[in-house]
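Structure record follows, encoded as structure tokens.
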Amino acid sequence: MNQPLLKIEGVHKRFTRKSGLVMQGIDRLTGRPSGSTVHALSDISLSVTEGEVLGLVGESGCGKSTLGRIISGIYTPSDGEVFLKGAPVARKRGNNVEKLTTKVQMIHQDPFASLNPRMKVGETIAEGPRIHGIVKANAVRARVRSLLQQVGLEAAYADRLPHQFSGGQRQRIAIARALAMEPELLVLDEAVASLDVSIQAQVLNLFMDLRRELGLTAIFISHDLSVVRHVCDRVAIMYLGRIVELASAEELYARPLHPYTKALFASIPKLGAGRGSFQPIEGRSLAAQPAEGLRLSSALSDGRTEMQNGAAAPETGGSRQRAGGMPPQRRRHRRDTENGGSMIEFSNRIAEINDILCAVNMLQWDARVMMPAGGAATRGQQIATLKAMARGLLLDGATEETAEAVLASNATERNRRAAEAVLSARKWHMSVPPELLKRQDENLDHRRACLGQGAGGRRFQPVPAAPFRNRDAGAANGRRHRL
Amino acid sequence: MTKALDVRGLTTRFETRSGDVTAVNNVSFSVERGRIMGLVGESGSGKSVTGFSILGLVEEPGHISGGEVLVEGQDLRALKPEALRKLRGSKVAMVFQDPMMTLNPVLRIGDQMAMAVRVHENMSKRAAWERAREALEIVGIPAAGERLKAYPHQLSGGMRQRVAIATALLHRPAVIIADEPTTALDVSIQSQILAEVRRLADETGTAIVWVTHDLAVISSLADDICVMYAGRIVERGTAEDVIAAPRHPYTVGLIGSVPSLHEPGAHLPQIPGSTPQLANLPSGCPFRPRCPRASDLCATEPPLIETGSHSVSCHRPMEAP
């Protein structure tokens, strides 16, 4: 088990939409780049060992399904490589592609859409193995019968059509079809999301039984954290096309580190937790809970340090990898010797501002503490703060009041400086060149679109007012989830 | 406390080729002002049809064949269609699962909300827009004045659902029926909307019937819970009672199926079989074929056993704690 079954290295996925004919002409005349690009995945690296079930969790539009499709060879990555048993899954169509992609089988969310309504289920299950010569022609029927029994259906059902089955039974058929190919890796894309609770339990039990029997390796994509916890060994939390936290299920649920993971956990209604147990993410502004806001920000910078250490010496970090909103090579850490904490320092290249904004979006109230303690801010920091202010993400009247309140009280040195940073950021707002803001807007819109539309986004979302509201844009693409 | 909504013996039938199907079978419950009633069930349990039947929105081949629906003491079933239409939207409002279905894509939000106001009340367009703006603010939409000028496609799913809820609130209705309003939304958006809804019920005194299949959502939102199976309410009680001490074997199975209550990787206790076809239900208790506690007795109609506010329709319920 030294070699991981699946290895993904630095995968990016960009979707580009061509401009219309007229706009193409105009773009050519004006020399602007034509079309618009959506970054669905940024710098994804992970590996899955044999017999392991990895959960991919995130909300609509975070890129989890896109990643699933890249793994199963439906999409090719724009950058980076995917290795299956050490062999690269070729980016271009080549000899080994088809062989490899039969080794990864996918199970889709909606069993009403994924089965051909005009094929008998026996034919559906037999089609793959027959075409790829996995079983001999005279053994096909027997194989179908045993597969049906394996997924808890009667062998005689092979001659029925999909419409004669309920949702749970259809999902069993979809599982049988995937198993028929004797895959090395299963990708389950929201496979239980559209099932009723009691049926979902049946299918989950089936999955776990099959896993024990066959030693399955699987990627389990879901938005349902309780289901993921139940079946997965390791869990990756995705946000905005990046993996923000990756840890063993046990550790992740016991001690989530990333603010987004924490926020996600807090917003899930839990059975038996009592009334009003959910905590809306957006409601936790600094104004409402000043102490907590500032505490979390220090947790963040500590967490970042951990990431940095973890990257340098993985064995000390145990199984946990953790990333901030930015690729590590783009940021430096500065030791804040006075307080023993660390602060993130950004260099001031424009390209990075996008990442800062991404972080601002993600971390909400924490961004204000990214202002440097004491000395002058770098240009990048200034702009990030200003942009956030301009959007009303950060420094509305209430937080300014809070900052003043913090200064008036006998807060800790660290919190005082954060408050000062909030107030001083206000003054910078006036001095940003408008063209810089405009360029930022364009970049940000790409990011938003990626967030809202996921794969193949066609429309850009209007810019909402508050950071976490942005993410409900995902529901706009019309996909249904049963939560 | 006054009952905002009192449903008594509501029955809805659909005439199909395979015979009469009773989608809602003698359903009774009541909701007091400012309380949230969760109507929980799986697909095909009749929970949505119950919601539609309350508003008299059942279309052919279905018809409401019996029962009373009292809203603040007024029987909606006794009203003529014209009078009923006047009450819909003003006294009783509904929020649907898909906000794209309820919003007109070619009208601005403000126009359609104002239209909803002016249908029921004689007021100027400007005043109606003002009312719409207030309603949007109640459901927590920032820059409400700006949003009124937006078209539905310019809003995200969560925003649209807020607009749908705001539209339901325009006339301060006594009762809102919400049919899976957060099912299509992300969890973080869902939690925002749940918080708003809870606040609305507490502050405005509106009674809410929240139809859902999601036990976790309902246990954190509702005051009372009705569990539906095959068109009947099999268990009814306060949220605490039903979740912590369920008495009907079906409720027990349903709660047991939720993975978060078990050790990771453990075998989930599952309810065998699948939800029955309404056209050929077994005699007596419809849950009988799937029930681990079933006996010969269960072939007869189950009695309604009530202990305080907690009632269960079963021959052999779990012991009361």
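Below, chains carry the letters A, B, ... as their sequence lines are ordered, and counting in each starts from 1. The figures that follow rest on heavy atoms only: side chains count, while hydrogens, waters and symmetry mates do not.
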For A:Asn205 against B:Gln270, the heavy-atom pair lying closest together: ND2-OE1, 2.7 Å

Output the distance between atom CG (B:Leu254) and atom CG (A:Asp196), rounded to the nearest 0.5 Å. 8.5 Å

Applying side chain to side chain donor-acceptor pair (under 3.5 Å), can you list everything that pairs with B:His310, at least two apart in sequence or on another chain? B:Glu235

Heavy-atom check, side chain of A:Gln200 versus side chain of B:Val258, under 4.5 Å: no

Which atom of A:His230 lies closest to which atom of B:His262, heavy atoms considered: CE1-CB, 3.9 Å

Nearest-0.5 Å distance that lies between atom OG in B:Ser220 and atom CD1 in A:Ile268: 11.0 Å

CD of B:Gln277: more than 12 outside heavy atoms within 6.0 angstrom? no

Using only non-hydrogen atoms and a strict under-4.5 angstrom cutoff, which residues of residues 207-216 of chain A touch chain B? A:Met208, A:Asp209, A:Arg212

Quick one: of B:Gly265, B:Ala150, B:Gly253, B:Pro269, who has the most non-hydrogen atom pairs under 4.5 Å with chain A? B:Gly265

May I ask you to check whether B:Glu42 and A:Ser198 show a side-chain donor-acceptor distance below 3.5 Å? yes

Residue selection (most heavy-atom pairs with chain A, distance under 4.5 Å) from B:Ser260, B:Pro272, B:Ala266, B:Gly256: B:Ala266

The interface call for B:Ile255 against chain A, heavy-atom contacts under 4.5 Å, is both

Report the residues that fulfil side chain to side chain contact (heavy atoms under 4.5 Å, CB included) with B:Thr167, sequence neighbours left out, ordered by chain and then residue number. B:Met113, B:Ala116, B:Val163, B:Leu170

Are the side chains of A:Ser267 and B:Gln192 in touch, meaning some heavy atoms are under 4.5 Å apart? no

Side chain, backbone, both or neither of B:Arg290 within contact of chain A (heavy atoms, under 4.5 Å): side chain

If you tally heavy-atom pairs under 4.5 Å between each of A:Gly167, A:Cys232, A:Ala201 and chain B, the highest tally belongs to A:Ala201

Please flag which part of B:Gln161 lies under 4.5 Å from any non-hydrogen atom of chain A: side chain, backbone, both or neither. neither

Check for a donor-acceptor pair, side chain of A:Gln202 on one end and backbone N or O of B:Gly273 on the other, with a separation under 3.5 Å. yes

Other residues, nucleotides and ligands only: do more than 12 of their heavy atoms fall within 6.0 Å of CD on B:Glu134? yes

Engaged part of A:Leu204 at the chain B interface, taking heavy atoms whose separation is under 4.5 Å: side chain

By side chain to side chain donor-acceptor pair (under 3.5 Å) - contacts of B:Ser257 (at least two apart): none

